[in-house]
Amino acid sequence: MSDRPLAQTVAALQPRARTELAELVAFKSVADPVQFPRSECEAAARWITDALRAEGFQDVALLDTPDGTQSVYGFLPGPAGAPTVLLYAHYDVQPPLDEDAWISPPFELTERDGRWYGRGAADCKGGLIMHLTALRALKEHGGVPVNVKVIVEGSEEQGTGGLERYAEAHPELLAADAIVIGDAGNFRVGLPTVTATLRGMTLVRVKVDTLEGNLHSGQFGGAAPDALAALIRILDSLRAEDGSTTVRGLAADAAWEGLEYPEAEFRKDARVLDGVGLLGSGTVADRIWSRPSVTVLGIDCPPVVGATPSVQAGARALVSLRVPPGTDAAEATKLLTAHLEGAAPWGARVAVEQVGQGQAFRADTGSPAYASMAEALREAYDGEEMQIAGMGGSIPLCNTLAGLYPDAEILLIGLSEPEAQIHAVNESVSPQELERLSLAEALFLGRYASCRG
């Protein structure tokens, strides 16, 4: 198998990749029936099952996971005695947020300025297309040299743990020698990167009550305990003066060893306004890859439009806490809950409900799979050396797979580089990155088969 003809084949497959990505992006597959019909996720899942069957996958199945969503599984047999590689992606997406803020419709793949825009284009429907393209290219050059399992999750963005629980109940299903998680991304466009660490997360809903009902702020304000004011004080207690996260009992001083993230580049990537400072201390890499961070995701309180002069009887917020490798997410949940309850002013009643949780992850970058991936990325990126970075986000399934299959080598690659703006408006994917990473994955499968043969 010649690498250059393989690269040409991958390039020739890009029009098909764009067409299929457009079909996938068109599904409004937000795994929350309150926001979008469940039928959108079901239709996306059926599209994937049809695509896998068309590629010759066996045992293709829609898996009904315990959180009420569906994941898609398929198995493609390789040569006798070949290793097995599991390829992961997810088809559920974040909601589009403010659709009016999108330059083009969020569920319509649109080409603009050399990128393809649409919700899920990079995170992570593009990851599935990357896997399919790599396998198709290999088929045209002698066949796929490994056994391949594909699993496409239906609720990764919700953090509800459906696939994790399913995998634990069916431990033989996803067993593999190597696992490629196609839900990460390069540090920058054109710089091949594997992600070695993921922060874990816990998600809680905090509710504050102070009164039996709202009161007139003129008649009772000044003495009546305001639940919204109490909530604001509680949330403010989660940050120090410099903005760093301060959950009592939770360590927040770890240092990152590896690829650094220059502050000027971070400010540009994060689109920080001129004159606005960054949060915390230490290097940027310390803060986003090695330390905990809290984010208030939403607050239930009266909107400005239509607000009345009232002292609020109750208020609530959704709080996310990211935790670095080495910190147990369950313990972090306990500490966060205790902190929120202990920070309540004026005797306000506080109830904390856990909504989601996932453990942090650290990969073994010295494994044979990483050596094979380094060679593959170097070839696909014209001599650029593979970099190792962390990722502040969470992929709870990684820790589950590491626990179920301790001998499996887990690699994280993907299309979510900074310009992709995943989870934000105007998410996009670089077609050049899709092509290069599809090639890299095809090369990796060939090299991994040789090193394990």
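No donor-acceptor pair under 3.5 Å is formed between the side chain of R205 and the backbone N or O of V355.
Using modelled atom types and a 3.5 Å distance limit, the side chains of Y370 and E409 yield no donor-acceptor pair. Side-chain contact, S293 with R199: a donor N or O sits under 3.5 Å from an acceptor N or O. Using a 3.5 Å distance cut-off with no hydrogens or angles, the side chains of E433 and N186 do pair a donor with an acceptor. Judged purely by distance below 3.5 Å, without hydrogens or angles, the side chains of S430 and E419 never pair a donor atom with an acceptor atom.
The environment of NZ in K139 is crowded: more than 12 heavy-atom neighbours from other residues, nucleotides or ligands sit within 6.0 Å. When the shell of 6.0 Å around CD of E265 is examined, it contains more than 12 heavy atoms from other residues, nucleotides or ligands.
Remark: R119 CZ to I422 CD1 distance equals 9.0 Å, nearest 0.5 Å. Of the inter-residue distances, the one linking R248 atom CZ with L238 atom CG reads 9.0 Å to the nearest 0.5 angstrom.
Pairing each heavy atom of T365 with each of A196, the nearest pair is CG2-CB, 3.8 Å. Counting all heavy atoms, side chain and backbone alike, A17 lies closest to L434 at CB-CD2, 4.2 Å. Between I299 and A317, the shortest heavy-atom distance links the atoms CG1-CB, 4.1 Å.
Taking 4.0 Å as the cut-off between side-chain N and carboxylate O, R188 and D269 count as a salt-bridged pair. No salt bridge links E172 with K149; every basic N to acidic carboxylate O contact stays at or beyond 4.0 Å. Contact check on R378 versus E385 returns a salt bridge, with a Lys/Arg side-chain nitrogen under 4.0 Å from an Asp/Glu carboxylate oxygen. A salt bridge does not link E99 with K28: every distance from a Lys NZ or Arg NE/NH1/NH2 to an Asp or Glu carboxylate oxygen is 4.0 Å or more.
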Starting from the C-alpha separation in whole Å, work towards a yes-or-no answer on side-chain contact (heavy atoms from CB on, under 4.5 Å) for L321 and T245. CA-CA 9 Å; L321 177 66; T245 294; 4.1 Å; yes
Evaluate D382 against R436 for salt bridge (Lys or Arg N to Asp or Glu O under 4.0 Å), listing each step before the verdict. CA-CA 10 Å; D382 300 322; R436 286 182 288 205; 5.8 Å; no
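Using a 4.5 Å heavy-atom cutoff, the side chains of C398 and L198 are in contact.
Ring pair Y73/Y166: centre-to-centre distance not below 6.0 Å.
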